[in-house]
Amino acid sequence: MKTNLYLAWSSDRKIQETGNSGGAVTALLKFALEHKKVDAVLAVKKRNNSRFDAVPTLITDPGLIHETAGTLHFAPVSMVKIVKNYLDGARNMKIAVTCKPCDARAIIELAKRKQIQLENLFLIGLNCSGTFLPTVAEQMISEAYGENPQDLVKEEVDNGKLIITLKDGSTREKDLEELAQKGFEMRENCLRCSYKIPRMADIACGKWGNSGKEATFIEICSPKGHEFLDAAAENGALVMEAATSEQIEERKQEETAAVENAQAREQKELDVLKNYSPDERLKFWSSHLQRCIKCFGCRDACPLCYCKDCYLEPYRGCVAGGETPPDIMFQLIRLSHVADSCVNCGQCQDVCPMEIPLTRLYNCLNRELVRIFDYQPGVDVNQYPPLTIVTDQELFIDAPDIINITSAAE
Ligand code: SF4
Ligand code: SF4
Ligand code: SF4
């Protein structure tokens, strides 16, 4: 039987040197463009050669793929809005997209809502151990590591440590716990994120399980993934060998440890709120939400907020215009619209100028919905959001109060 688990690396020495872990992803992207498997590649590249500033880039020339080589932990860019808003949901072109698990999940959620044409995408998932905000990271490198941030050429998260490589080839490592105690934590959403390997993408690529070799561990997750990798290997662009049972076990252990950490962190957050009375909980959230200056940043950054005619606009009559802080309905409307599909990507919180812990709020409600409906957003394209498939009959049986409210309104 054909395996789904491989170690792979580029056959091109130059790509091996520039890409991470043997350059398999870079080689695959180059192959996809050269052999017209896709019309374009959407990936992230550094801006001004800074590891703290990155932009999504659309590439059609295979000669430019090297610009996207390597992994960036200090520039959490989302690719999803680019596909949805600027590439017309991939309706008119085939695109290979490199994506973190939260990007891949948001793409799947949008595909369910017919906002993205999944058939035209080849999702190259990148394992993710978490990311830092660029400002936090830059300060961390200079204060906690005592190094010039501009001297940084590589960073990686491994075994609870953040290891940085400097221009002169030397490395420094620090414990993530110790960094957190000094105030240099990963983004809050990343700390609670249990999706470390993006199995909802066509392939999931990363380092875990490579036994320290210059190779990428690839898990093939779809027929499209098989087709692409077979073609790249036959063409000689990629060298692949089936992963050994030891390598598979090594990867499993790394994943389990990372997921357990994330779940413990999430549980800690939920426990704090669970011990509050409903009144205390309301006070807790109100104290945060009343800082809102209604800049609409959270709505505009959220990959799942895609309505053209948004209920938060004053002309819709739900929230009055010109009020700051806005009525709590401003937040509650957005919360009720995205809570079932929120993928904990953190984009809303990243842009909030008032540092409101928005993802904690969305995640609290999302976890409740997961518990009630057993619905995990962004995992299976064939599993529809519960609130879109609930029937009138189910509403009437399970929530008689809703009938009363509806009847009273009528
Ligand atoms: S939310 Fe998860 S997938 Fe997204 S950047 Fe953070 S750790 Fe990675
Ligand atoms: S609500 Fe925030 S965390 Fe959830 S999907 Fe939208 S931007 Fe991402
Ligand atoms: S980004 Fe923050 S301040 Fe701006 S509207 Fe959203 S919650 Fe309010």
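Atoms within a ligand are numbered from 1 in the order they appear, just like the ligands themselves.
- If you look at ligand 2, the protein residues with a non-hydrogen atom under 4.0 Å away are C302, P303, L304, R334, V338, C342, V343, N344, C345, G346, Q347, C348, T359, Y362.
- E17 and K14 are not joined by a salt bridge, as no carboxylate oxygen comes within less than 4.0 angstrom of a charged side-chain nitrogen.
- Using a 4.0 Å cut-off between charged nitrogen and carboxylate oxygen, D271 and K268 do not count as a salt-bridge pair.
- Distance check: C342 SG to N366 CG gives 5.5 Å after rounding to the nearest 0.5 Å.
- Near C292, meaning under 4.0 Å from any of its heavy atoms, are these atoms of ligand 3: 3 (S), 5 (S), 7 (S), 8 (Fe).
- Residue F330 approaches ligand 3 through these ligand atoms, each under 4.0 Å from one of its heavy atoms: 5 (S).
- For ligand 1, the atoms lying closer than 4.0 Å to a non-hydrogen atom of K100 are 5 (S).
- The existence of a salt bridge linking E219 and R199 is confirmed by a sub-4.0 Å separation between a basic side-chain nitrogen and an acidic carboxylate oxygen.
- Each of the following atoms of ligand 1 lies closer than 4.0 Å to a heavy atom of C190: 5 (S), 6 (Fe), 7 (S).
- A salt bridge links E34 with K30; the closest basic N to acidic carboxylate O contact falls under 4.0 Å.
- Between R371 and E368 there is a salt bridge, since a side-chain N of the basic residue sits under 4.0 Å from a carboxylate O of the acidic one.
- Remark: E188 engages R192 in a salt bridge, criterion side-chain N to carboxylate O under 4.0 Å.
- Taking 4.0 Å as the cut-off between side-chain N and carboxylate O, E266 and R367 count as a salt-bridged pair.
- Heavy-atom contacts of G130 reach the following atoms of ligand 1: 7 (S) (cutoff under 4.0 Å).
- Every atom of ligand 3 is numbered from 1 in the order shown, and the set under 4.0 Å from a heavy atom of C295 is 1 (S), 3 (S), 4 (Fe), 5 (S).
- A salt bridge between K167 and E147 is absent, with no side-chain N of the basic residue lying under 4.0 Å from a carboxylate O of the acidic one.
- Once rounded to the nearest 0.5 Å, the distance linking OG of S129 with NZ of K196 reads 6.5 Å.
- Against a heavy-atom cut-off of under 4.0 Å, P101 is close to the following atoms of ligand 1: 3 (S).
- The backbone N or O of D175 sits nowhere less than 3.5 Å from a side-chain atom of E177 that would complete a donor-acceptor pair.
- Interface atoms of ligand 1 facing T131, defined by a heavy-atom separation under 4.0 Å, are 5 (S).
- Close contacts between ligand 3 and Q331 involve ligand atoms 7 (S), 8 (Fe) [criterion: under 4.0 Å to a heavy atom].
- Partners of H66 under the ring pair (Phe, Tyr, Trp, His ring centres under 6.0 Å) rule, at least two apart in sequence or in another chain, do not exist in this structure.
- Close to ligand 1: R187, with a non-hydrogen atom less than 4.0 angstrom away.
- The closest approach between a heavy atom of P76 and any atom of ligand 1 is not below 4.0 Å.
- Contact annotation for F296 and ligand 3: only backbone heavy atoms (N, CA, C, O) come within less than 4.0 Å of the ligand.
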